[in-house]
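One structure is given below, encoded as structure tokens.
In what follows, chains carry the letters A, B, and so on, assigned in the order in which the sequence lines appear, proteins first and then strands, with residues in each chain numbered from 1.
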2 protein chains.
Amino acid sequence: MKEKQVRSTAAKQHIREILEQSGTALSQPEIQEQSEGVCDRVTVYRVLDRLLQEGEVHKTIGLDGMTRYAICKACDHDHGHQHDHVHFSCEVCGEVTCLDKVIPELKLPRGYRLKEASYMISGVCPTCN
Amino acid sequence: MKEKQVRSTAAKQHIREILEQSGTALSQPEIQEQSEGVCDRVTVYRVLDRLLQEGEVHKTIGLDGMTRYAICKACDHDHGHQHDHVHFSCEVCGEVTCLDKVIPELKLPRGYRLKEASYMISGVCPTCN
DNA sequence: ATTTTTTCGCAACTGTGTTGCATTAATTAT
DNA sequence: ATAATTAATGCAACACAGTTGCGAAAAAAT
Ligand SMILES: [Zn+2]
Ligand SMILES: [Zn+2]
Ligand SMILES: [Zn+2]
Ligand SMILES: [Zn+2]
């Protein structure tokens, strides 16, 4: 029944910083590469899980099936998260960015109840264009 | 320079049949389960690759990162494929279905060039609702 | 029937992600 | 400040989707 308290550790702060200053969605290998052995592989996964649980980040599955994590920016924590924005994967530089303002409209057929949405598109980003 | 000719094999026909009569998007493990050891695991992957190449099926990445394949229905082979329809994953029965007629509209910010799109949503399907 | 080309099965491998457990570090209580 | 408590970490081992190399088998072409 006890609430698990949030603890601030070196690994967590470091990983959060990497995500913040990258501004893009990163996978565990990408984070690992940038952190130059600050902590174990497994710890990265566990920290990301915690950040996800605590609502600091959200995750997205790429077209390659790889899970990436990005800092939550455009979501209102008080009124529930909004993670139905589009994620863009650049074929050239490989970066995955949150297009926070692009929220597609769609009308589901009768009978379908929507809970979670994931819009992933790929192409060429403005920098590589 | 030689065109690789299309060959009809037992495994291929069987897998195509499974996909056709299921009507949903299936993963290799799901196909394997239904085929009761008709062929090897690797063969399933290779057949699916071929069917994909030949334009008979398209693939979609689930929220679980799993690749699933579905028969192409609503795509015009002559005028290029249209695989930008929505895929729906039911949280209850686990089925992944093509919502061929649901094609979300979105306007990308200036500078982004779109090539591929993947819209994956989850919730409860009409049958399980 | 023989040759050619594609497909198959098997084994081995890669890479992401997970789990158990003993150790370490952060928070809380004394 | 010290001890007790609780959560986080590292390591090894595991699970499992997906891939690759290669010799054997099966199609299609001759
Ligand atoms: Zn780019
Ligand atoms: Zn995002
Ligand atoms: Zn269902
Ligand atoms: Zn589909």
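If Arg50(B) and Tyr45(A) are placed on DNA chain C by their nearest nucleotide, the residue sitting closer to the 5' end is Arg50(B). The residue among Val38(A) and Val42(B) whose nearest nucleotide of DNA chain D is located toward the 5' end is Val38(A).
When all heavy atoms are compared, the tightest approach of Tyr112(A) to Asn129(B) is C-ND2, 4.5 Å. Nearest heavy-atom pair, Gly23(A) versus Lys73(A), reported as atom, atom and distance to 0.1 Å: O-NZ, 4.4 Å.
Across the protein-nucleic acid pair, Leu26(A) atom CG and dT16(C) atom P stand 14 Å apart, rounded to whole Å. Atom pair Ile31(B):CD1 and dA17(D):P shows a separation of 13 Å (rounding to whole Å applied). Look at CG on Leu52(B): it is 13 Å from P on dG18(D), rounded to the nearest Å. Atom CD of Glu54(A) and atom P of dA7(D) are 12 Å apart (whole Å). Between the P atom of dG15(C) and the CD atom of Gln28(A) lies a distance of 12 Å, rounded to the nearest Å. To the nearest angstrom, C1' of dG18(D) lies 15 Å from CD of Glu30(B). In this structure, Gln13(B) atom CD and dT7(C) atom P are separated by 13 Å, rounded to whole Å. Atom C1' of nucleotide dT24(C) and atom NZ of Lys12(A) are separated by 18 Å, given to the nearest angstrom.
The OG1 atom of Thr67(A) lies 10.5 Å from the CD atom of Gln28(A); values are rounded to the nearest 0.5 Å. The line from SG of Cys125(B) to CG of Leu99(B) is 10.5 Å long, rounded to the nearest 0.5 Å.
One finds no side-chain N or O of Arg41(B) lying less than 4.0 angstrom from the OP1 or OP2 phosphate oxygen of dT20(D). Proximity of Thr67(B) to the phosphate of dG18(D): a side-chain N or O atom is located under 4.0 Å from OP1 or OP2.
Residues His14(A) and Ser35(A) are in side-chain contact: their nearest non-hydrogen atoms beyond the backbone lie under 4.5 Å apart.
Relative to the side chain of Asp40(A), the nucleotides dG9(C), dC11(D), dG18(D) differ in distance, and dC11(D) lies closest.
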Would you tabulate the nitrogen or oxygen pairs shorter than 3.5 Å linking the protein to nucleotides 22-30 of chain D?
residue: dA27(D); atom: N3; partner: Arg7(B); partner atom: NH1; Å: 3.2

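Evaluation of the salt bridge (charged side-chain N to carboxylate O under 4.0 Å, His left out) test over residues 117-126 of chain A, restricted to residues two or more places apart or in two chains, returns none.
Note on Arg16(B) versus Glu54(B): no salt bridge recorded, every NZ/NE/NH1/NH2 to OD/OE distance being 4.0 Å or above.
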